[in-house]
Structures are given as structure tokens and as C-alpha cells.
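So the structure is just underneath, and the comments pick up after that.
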Amino acid sequence: MEQFIPLILSAVGGGALGPIVAKLLGGTGTGGLLGGVIGGIGAHYGADAAGIGNLLGSGIMSHIQDLLEGGVGGGILGVVAGMVMKSKS
């Protein structure tokens, strides 16, 4: 179960920031949420592939980094998904 905690935290970070950024930039909240969760998990895997492992350290700082990674990836993909879903309506 412990190996899933970084993924869950990345998804939570993306799910929290994705809809907010999407609504601020004119997209939909639903698209922002879906894009946020997917983008958060994608950003976590991308950071691991790039070798950005634990820049902030271990312990609680590692969890904060997972939230931030998810927030950045989720914000970006949340805006894109929010705009796409708005244009289709």
C-alpha cells in the first residue's frame, strides 16, 4: 500500500488545482477535475522518469513534493481538458 501513497497524493494535488485553474481561465470544472487527476498522475510519472525523485527530501517533504507535482500537472491538463469540454458544449 505504501507504494501507492505518492500516486494518490499526486492525484489529489491535480484534482484540487485542476478545476480551480480551469475555471479561472474559462474552462469547465468537470473537465478540470478529470484532466487534473490524470495530469497529476502523469506529472508524477514524468518527474520520476526525468530523475527528479525527492528534491525536497524524505518524509513529509516527499509528500508535499508529490502534491505539488500533481498540482502543476493537473493544472496544465485541467485547463486543456476544461477548454476542450467547453468548446464541445
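Values in this document were obtained by computation on a predicted structure and should not be read as measured data.
- Note: the hydrophobic cluster containing L68 does not contain I5 (ILVMFWY, side chain heavy atoms under 4.5 Å, direct or indirect links).
- By the criterion of side-chain heavy atoms lying less than 4.5 angstrom apart, applied directly or through intervening Ile, Leu, Val, Met, Phe, Trp or Tyr residues, V37 is not grouped with L25; the two fall into different hydrophobic clusters.
- One finds the CG atom of L33 at 9.5 Å from the CD1 atom of I38 (value rounded to the nearest 0.5 Å).
- Tracing side-chain contacts under 4.5 Å through hydrophobic residues (I, L, V, M, F, W, Y), one never reaches I20 starting from V79; they form parts of separate clusters.
- H63 contributes atom NE2, which lies 11.0 Å from atom OG of S10 (distance to the nearest 0.5 angstrom).
- Note on I60: it does not cluster hydrophobically with L9, by side-chain heavy-atom contacts below 4.5 Å among ILVMFWY residues.
- Between G57 and S62, the closest heavy-atom pair is O-CB, 3.6 Å.
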Atom pairs and distances, side-chain donor-acceptor, residues 69-76, under 3.5 Å, sequence neighbours left out:
from	atom 1	to	atom 2	distance (Å)
E69	OE1	H44	ND1	3.3
E69	OE2	Q65	NE2	3.1

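- With a 6.0 Å radius and a threshold of 12 heavy atoms from other residues, nucleotides or ligands, Q3 has its CD atom above the threshold.
- Between G14 and P19, the shortest heavy-atom distance links the atoms O-CD, 4.0 Å.
- Following chains of ILVMFWY side-chain contacts shorter than 4.5 Å, one can reach I41 starting from I8, so the two form part of one hydrophobic cluster.
- A22 and G78 make their closest contact through CB-O, 3.5 Å (heavy atoms, listed as atom of the first residue, atom of the second, distance).
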